[in-house]
Asks: 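Before I ask anything, here is the structure I am working with.
This one's a predicted model, so the numbers in the text were calculated from it and none came from an experiment.
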Amino acid sequence: ADNQLDLSENYPVSKKLYLKYTDWFIKKLNIVPKELMIEKIDYCSEKKEFTSYLDNGDQIVSKNIVVAVGFKYFKYVPSELAEIISEDKFTHTCDIADFSNLAGKSCLIIGGRMSAFESAVLLNESGAEKVFVSYRHDTPDFIDSDWTWVNDYLDRFISEPSWYKDLSDQVREELNHDFYKEGRLKMEPWLISRLDKDNIKLLPNTKIVESNIVNDNKTEFVLDNNEKIVVDHVVFATGYKVDVNKIPFLQKGNMLNQLNVVNGFPKLDINLQTNIPGLYMTSISATQDFGSFFGFTVSCNTSSKIIGRALNN
């Protein structure tokens, strides 16, 4: 397990291989994870400490907390579509890892980036009868992304943590666009052969304008090109929109009215620390102050070093 793997021989990385790596990582660092949910967190400003209430009744008192909740609480469904699609007829990609329950069904995927095309492949390979993919733009390129330039920027956060904050708005926008081109405008090339199936239909430059119930099980959707499709279920691959007010354990605790939030994002200092001393937030929640890098797994190493250094000072 200590031998490095050649990713060119193990690409795309399978779930089995990834979990094997996480097991190795946990054992290597002697981490003992608690498979529990945090119900709420309260902060005592006088003692400068946090109390986390777990779903088994236990409590953990600590001086510091790192919130790295990822994307789950920020899933985005366009309101204009949610209004015309019955709630029991759609699922967001964040909530569907096993597509087997849609075997034999016809499905419409709304969205045209990586999660949309991956979902189309997984639906087909799980036995879906028909898969439609509707998106408002041209079909992206299925070519390898070039991430070689990203590590230099991430390393710069370690030696110069304020560099991104010090950039002008225009330069930050240009840098985020460069990252967007690699992460959003290019799709993994291994998807091509698995998408090229008779029962998968791509519908670029389209959007849903109307829905009509056909019967108890099926819904007809009308596209803006007047094409009509009838499906059993809709999968939203419409991404995420950060709003830390939606994080359940913050909602139930006493911190939201103390937390400095701008546009749904926590306001962070150069150590990824919020205005509440000892409360750090990273992952997609950090992208407003630290750039698009922090919405991707590649930033994990950088986040851990920045926060670890702050805790040790």
Side-chain angles (χ1 to χ4, degrees), residues 22 25-26 28-74 153-167 172 240-313:
T22 59
F25 185 86
I26 288 172
K28 188 76 173 177
L29 296 183
N30 196 29
I31 297 172
V32 183
K34 290 181 177 290
E35 296 185 16
L36 298 167
M37 295 291 289
I38 294 178
E39 295 288 343
K40 72 172 184 176
I41 301 175
D42 283 332
Y43 176 67
C44 178
S45 57
E46 293 180 356
K47 296 181 178 180
K48 292 186 178 180
E49 65 182 24
F50 303 88
T51 302
S52 299
Y53 298 84
L54 307 183
D55 60 1
N56 68 345
D58 289 348
Q59 297 178 17
I60 298 176
V61 177
S62 63
K63 292 292 185 181
N64 301 282
I65 285 184
V66 178
V67 176
V69 292
F71 292 68
K72 177 179 179 180
Y73 302 121
F74 309 134
Y153 283 106
L154 288 170
D155 290 343
R156 190 174 176 185
F157 281 108
I158 307 303
S159 59
E160 189 184 347
S162 66
W163 75 268
Y164 182 84
K165 287 177 175 287
D166 293 340
L167 297 175
R172 277 200 300 267
Y240 304 85
K241 186 176 182 179
V242 173
D243 183 358
V244 295
N245 295 290
K246 293 182 177 180
I247 300 176
F249 56 77
L250 294 184
Q251 288 178 339
K252 298 176 183 178
N254 68 353
M255 288 194 292
L256 279 184
N257 60 357
Q258 305 175 58
L259 189 63
N260 187 358
V261 178
V262 179
N263 302 321
F265 292 84
K267 190 66 178 174
L268 303 174
D269 68 12
I270 60 173
N271 295 314
L272 292 163
Q273 183 176 220
T274 70
N275 64 297
I276 298 176
L279 177 63
Y280 299 83
M281 300 187 77
T282 186
S283 185
I284 190 175
S285 299
T287 53
Q288 179 169 260
D289 285 338
F290 281 77
S292 298
F293 311 100
F294 283 75
F296 290 76
T297 308
V298 70
S299 71
C300 290
N301 187 48
T302 301
S303 294
S304 63
K305 288 182 179 179
I306 292 174
I307 296 172
R309 180 174 58 194
L311 294 177
N312 287 324
N313 286 341

Asks: Do any N or O atoms from the side chain of Q288 and from the backbone of P266 form a donor-acceptor pair under 3.5 angstrom?
Replies: no
Asks: By side chain to side chain donor-acceptor pair (under 3.5 Å), which residues pair with D243, not counting sequence neighbours?
Replies: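 If we apply the side chain to side chain donor-acceptor pair (under 3.5 Å) test to D243, skipping adjacent residues, the hits are N245.
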Asks: Rounded to the nearest 0.5 Å, how far apart are CG of L311 and CG of N64?
Replies: 5.0 Å
Asks: What pair of heavy atoms forms the shortest contact from P161 to F290, and how long is it?
Replies: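 Looking at all heavy atoms of both residues, the shortest contact is O-CE2, 4.3 Å.
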Asks: Taking the side chain as every heavy atom from C-beta outward, state whether V244 and Y73 have any pair of such atoms under 4.5 Å apart.
Replies: no
Asks: Grab the two heavy atoms, one from G264 and one from V242, that are nearest each other, plus how far apart they are.
Replies: O-CG1, 3.6 Å
Asks: Any donor-acceptor pair under 3.5 Å linking the side chain of N275 with the backbone of N260?
Replies: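 Here the side-chain-to-backbone pair exists.
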Asks: Please examine the side chains of I247 and M281, heavy atoms only from C-beta on, and report whether any two atoms are closer than 4.5 Å.
Replies: yes
Asks: Check the pair F157, I270 against side-chain contact (heavy atoms from CB on, under 4.5 Å), reporting the backbone distance first and the verdict last.
Replies: CA-CA 9 Å; F157 281 108; I270 60 173; over 6 Å; no
Asks: Go through the steps for T274 and L268 under the test side-chain contact (heavy atoms from CB on, under 4.5 Å), then give the verdict.
Replies: CA-CA 5 Å; T274 70; L268 303 174; 3.7 Å; yes
Asks: Hey, is the main chain of D58 close enough, under 3.5 Å, to the side chain of N56 for a donor-acceptor pair?
Replies: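 Yes: the side chain of N56 pairs with the backbone of D58.
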Asks: Please tabulate, one pair per line, all N/O donor-acceptor pairs under 3.5 Å involving side-chain atoms of residues 35-43, not counting sequence neighbours.
Replies:
unit_1, atom_1, unit_2, atom_2, d
D42, OD1, N254, N, 3.0

Asks: Write down the atom of I158, the atom of R309, and the distance for their closest heavy-atom approach.
Replies: O-NH1, 2.5 Å
Asks: Any side-chain heavy-atom pair from W163 and Y153 closer than 4.5 angstrom?
Replies: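 They are in side-chain contact.
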Asks: For the pair I60 and L54, evaluate side-chain contact (heavy atoms from CB on, under 4.5 Å) and give the outcome as yes or no after the intermediate values.
Replies: CA-CA 8 Å; I60 298 176; L54 307 183; 3.9 Å; yes
Asks: For the CG atom of L250 and the CG atom of L279, what is their distance to the nearest 0.5 Å?
Replies: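 Between atom CG of L250 and atom CG of L279 there are 7.5 Å.
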Asks: With salt bridge (Lys or Arg N to Asp or Glu O under 4.0 Å) as the rule and sequence neighbours excluded, what pairs involving residues 275-289 come up?
Replies: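 Non-adjacent pairs meeting salt bridge (Lys or Arg N to Asp or Glu O under 4.0 Å): K165-D289, K267-D289.
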Asks: Could you measure the distance from the CD1 atom of I276 to the NZ atom of K48? Nearest 0.5 Å is fine.
Replies: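 Between atom CD1 of I276 and atom NZ of K48 there are 13.0 Å.
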Asks: Over 60° means perpendicular and under 30° means parallel, so classify the ring planes of Y240 and F71, tilted if in between.
Replies: perpendicular
Asks: Parallel under 30°, tilted from 30 to 60°, perpendicular over 60°: which one fits the rings of F293 and Y164?
Replies: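 Aromatic pair F293/Y164 classed perpendicular.
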Asks: Are any side-chain N or O atoms of K63 and backbone N or O atoms of K47, one a donor and one an acceptor, separated by less than 3.5 Å?
Replies: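 Side chain of K63 to backbone of K47, a donor-acceptor pair under 3.5 Å: yes, one is there.
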Asks: Is it the case that the side chain of T287 and the backbone of G295 share a donor-acceptor pair, with hydrogens and angles ignored and the cut-off at 3.5 Å?
Replies: no
Asks: Over all heavy atoms of both residues, which pair between T51 and V61 is shortest? Give the atoms and the distance, please.
Replies: OG1-CG2, 4.0 Å
Asks: Give me the atom names and distance for the closest heavy-atom approach of F50 to I65.
Replies: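 Where F50 meets I65 most closely, the heavy atoms are CB-CD1, 3.5 Å.
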Asks: Donor-acceptor pair, distance only, cut-off 3.5 Å: does the side chain of S283 make one with the backbone of S285?
Replies: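 A pair under 3.5 Å: no.
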Asks: Of all heavy-atom pairs between S303 and F294, which one has the smallest distance, and what is that distance?
Replies: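 Here S303 and F294 meet closest at OG-CE2, 3.2 Å.
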Asks: As an exercise, state the distance from CG of N263 to NZ of K241, rounded to the nearest 0.5 Å.
Replies: 9.5 Å
Asks: Kindly determine whether I306 and Y280 satisfy side-chain contact (heavy atoms from CB on, under 4.5 Å), including the steps that lead there.
Replies: CA-CA 10 Å; I306 292 174; Y280 299 83; over 6 Å; no
